[in-house]
Every structure is written in structure tokens, then in C-alpha cells.
S.K.: 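I'd like to ask you about the structure that follows.
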Protein chains: 2
Amino acid sequence: MLDKTDLLILEELSMNSRITMKELGEKVHLTAPAASARVAKLEDSGIIEGYTININQEKLGFHIHAFITIITQNTYHQPYLSFVKTQVEYIINNYKISGDGCYILECKFPSNELMNQFLEELNEHANYKLSIIINK
Amino acid sequence: MLDKTDLLILEELSMNSRITMKELGEKVHLTAPAASARVAKLEDSGIIEGYTININQEKLGFHIHAFITIITQNTYHQPYLSFVKTQVEYIINNYKISGDGCYILECKFPSNELMNQFLEELNEHANYKLSIIINK
DNA sequence: TTAACTCCTTTCATAAATAAAGTAAAACCG
DNA sequence: CGGTTTTACTTTATTTATGAAAGGAGTTAA
């Protein structure tokens with residue numbers, strides 16, 4: 001099971017996953033090989049799923065960040081799901097949900113124009129409610 | 001501005017941010033120092049905001065992942081925002097939105113019991129609509 | 001008590017990162 | 001147009017980190 005040191009390691013790696021094992025070790029009071037072994041264990045157990053980066057989407061030209069709640073009229077979701085697959089450049093996440101709607105789409109768009117185009121195409125397959133993110 | 005190589009680098013780092021500069025260089029047809037210099041530029045420009053890990057919350061005991069749409073009755077949001085600050089262990093993100101509601105809370109809970117407790121406290125400050133994530 | 005296991009440290013060989021120097025192509029400018 | 005500066009890269013050499021191996025201390029269980 002996980003102890004306090006493992007949780008500290010997860011916290012440190014969440015803040016900076018490119019930290020060296022030496023530095024990580026210092027933060028959690030271990031030597032580099034010990035820290036490295038802990039991390040390897042966390043990877044093997046599947047607790048650490050992967051190493052990634054946070055990208056500033058605004059600076060890449062995606063000025064709009066939105067959640068779209070999807071309500072499919074009929075029980076057959078395939079047309080909607082197929083559509084989603086064609087729009088990977090705008091879609092951050094597609095969550096299947098229970099509650100108010102069938103899916104929640106997390107999206108990014110460079111402009112209102114392209115978002116509008118997306119929504120029009122989306123509307124061929126499902127109804128939706130749009131929530132634009134103002135702040136995080 | 002960004003060229004094709006920069007976008008490739010962002011893609012590679014998104015998939016594995018602990019890749020060595022040597023390997024990253026090979027993937028984008030550069031030497032290690034050249035790749036390293038590109039990455040440093042992406043950091044300095046703020047496009048790369050940070051390096052982090054994906055954690056399997058399920059394996060850490062957070063079996064419930066939910067979106068909660070917040071509708072504050074009055075215009076004064078402070079009680080809600082103060083409450084959110086006390087609940088960091090359950091809250092992944094708090095998005096201020098325009099649309100159907102005032103905020104969208106992304107949360108994780110270990111059990112229905114603790115989620116219920118959270119929702120009861122939340123209800124002292126705001127109304128909400130709950131969406132449980134079934135699948136991503 | 002002893003054996004096996006876990007988790008750590010130290011040491012050392014190898015690999016990667018980084019700094020420095022040099023080069024070639026592109027952009028700038030009098 | 002010619003000369004200068006800038007940019008982006010490579011190569012080389014040094015520093016630093018990684019990872020394998022050996023060994024030790026503490027824990028558990030036969």
C-alpha cells in the first residue's frame with residue numbers, strides 16, 4: 001500500500017514531473033536510487049498512468065474553452081460518437097455521464113466562428129447546452 | 001512563431017514528458033542540444049506551462065468522478081468560493097462559466113457517503129446539478 | 001534462531017544533459 | 001549589392017544523472 005512518502009512523491013511529480021531523481025529524493029528524504037525505485041513501483045502498479053505537460057491553449061490560439069452538455073434525442077448514440085471522432089482537434093475530453101444529459105464534451109476553439117460551425121454540425125446529431133469557461 | 005517541429009515536440013512531450021532530449025531529438029530529427037533549446041524556448045514563451053503526471057484516481061480510492069453545475073441564488077458568490085477552498089481534497093477544478101449556471105466543479109470522491117456529505121454542505125451555499133462520470 | 005523479504009544506502013559504470021565553440025543559412029540594412 | 005547580425009543548428013567536451021550491483025538493517029514468519 002501507499003505510505004506518506006509515496007503520496008509526497010506523487011505530489012512532487014504532479015508539480016514537476018521532469019524533476020531529477022536526485023532532487024526528488026532530497027524532497028522526500030531518500031537517495032536517488034530509492035526515489036527511483038519508488039517511482040518505478042508507482043508506475044508498475046498503474047497509479048502513475050503517464051508523464052505529460054500542461055500546454056497553454058490560449059497561446060496556441062485556442063481562445064475559447066467550453067463545456068458542452070450533450071442530450072441525444074434517440075437512444076442510438078453512434079452518430080454522435082462518430083462525429084466526435086472527426087473533431088479531435090477541438091475536443092479535450094468526452095465524458096459519458098449519468099445525470100442531466102448523456103455526455104459532457106470539454107472543447108477548445110480558436111474562434112466563435114469555428115465554434116459555431118462545430119455546434120451546427122453537432123446539432124445534426126444531438127441537442128446541447130453550452131457553457132463557456134471564463135476562469136479556472 | 002511555432003513551426004511543425006515545435007508542434008511535434010509538444011505532442012511527444014504530451015505523450016511522455018520524461019522522454020530524454022536525445023530520444024525527443026530523434027523523434028523530431030534534431031540533436032539533443034537542439035531539441036533541448038526548442039523545449040527551453042517553449043517553456044520561456046509560456047506555451048509549456050509545466051510538467052506533470054496522470055494519476056489513476058480510482059487506484060487511490062477515489063471511485064467517483066463527477067461534474068457539479070453550481071447555481072448560486074444570490075449575486076454574492078463568496079460563501080460558495082470560501083466553501084470550495086475548504087474542500088481541496090475533493091475538487092479537481094472549479095470553472096467559472098457563462099451559460100447554464102455560474103460554476104462547474106470537477107470533483108472526485110472516495111464514496112457516495114462522502115459525496116453526499118459534500119453535497120449537503122454545498123447546498124448551504126448554492127444549488128447544484130450533479131453529473132456522475134461513467135466513462136471517459 | 002534462522003531464513004526470506006523489504007527497503008534502503010553506497011559505489012560505480014554508463015548514459016544524458018549542458019555549456020562552449022564553430023558553421024551555415026536567412027534576415028537586415030547602409 | 002556587400003557586409004553584418006541573427007537564428008538555428010551540429011559537434012565536442014565536461015558535468016551531472018541514471019541505473020545496476022552489492023551489501024546492510026529492520027521486519028516478518030517458520
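Chain identifiers are assigned alphabetically (A, B, ...) following the order of the sequence lines, protein sequences preceding nucleic acid strands; residue numbering begins at 1 within each chain. The model shown is predicted, which means the values in this text are computed figures rather than measured ones.
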S.K.: I need the minimum non-hydrogen distance between B/M1 and B/D6, along with the two atoms involved.
M.R.: O-OD2, 4.2 Å
S.K.: Using whole Å, what does the distance between atom C1' of nucleotide D/dT18 and atom CD of A/E43 come to?
M.R.: 13 Å
S.K.: Decide if atom CD of A/E113 counts as having more than 12 heavy atoms of other residues, nucleotides or ligands within a radius under 6.0 Å.
M.R.: no
S.K.: For the pair made of NE2 in B/H29 and C1' in D/dT10, what is the distance, rounded to whole Å?
M.R.: 16 Å
S.K.: Measure from the side chain of A/R38, starting at C-beta and using heavy atoms only, and say which of D/dT18, C/dT9, C/dC7 lies closest.
M.R.: C/dC7
S.K.: Write down the distance between CG (B/D3) and P (D/dA8), rounded to a whole number of angstrom.
M.R.: 9 Å
S.K.: List the steps, then state whether side-chain contact (heavy atoms from CB on, under 4.5 Å) holds for B/Y128 with B/T69.
M.R.: CA-CA 5 Å; B/Y128 64 84; B/T69 303; over 6 Å; no
S.K.: With respect to the side chain of A/L30, which nucleotide from C/dA17, C/dT9, C/dA19 is positioned closest?
M.R.: C/dT9
S.K.: Does a nitrogen or oxygen in the side chain of B/S36 sit under 4.0 Å from OP1 or OP2 of C/dT18?
M.R.: yes
S.K.: Quickly work out the B/L42 CG to D/dA8 C1' distance and round it to whole Å.
M.R.: 14 Å
S.K.: Find the distance B/D6:CG to D/dC9:C1' and express it as a whole number of Å.
M.R.: 14 Å
S.K.: Side-chain N or O of A/K41 versus OP1/OP2 of C/dT6: is the shortest distance under 4.0 Å?
M.R.: no
S.K.: A side-chain contact here means heavy atoms from C-beta on lying under 4.5 Å apart; do B/Y103 and B/Y80 qualify?
M.R.: yes
S.K.: Side chain of A/P33 only, heavy atoms from C-beta on: which candidate in C/dT18, C/dT9, D/dT18 is closest?
M.R.: C/dT9
S.K.: Between B/T5 and A/K22, who's closer to the 5' end of DNA chain D by nearest nucleotide?
M.R.: B/T5
S.K.: Rounded to the nearest Å, what distance is computed from the CE atom of residue A/M1 to the C1' atom of nucleotide C/dC7?
M.R.: 17 Å
S.K.: Looking at C/dT9, C/dT18, D/dC9, which one has an atom nearest to any side-chain atom of B/A34?
M.R.: D/dC9
S.K.: Between A/T31 and C/dT9, is there a side-chain N or O to OP1/OP2 distance below 4.0 Å?
M.R.: yes
S.K.: What is the distance from CG of A/L24 to C1' of D/dG19, rounded to the nearest Å?
M.R.: 15 Å
S.K.: Would you call A/N93 and B/K136 a side-chain contact if the rule is heavy atoms closer than 4.5 Å?
M.R.: yes
S.K.: Separation of B/E26 atom CD from D/dC9 atom C1', in whole Å?
M.R.: 17 Å
S.K.: Name the closest nucleotide to the A/R18 side chain, picking from C/dA17, C/dT10, D/dT18.
M.R.: C/dA17
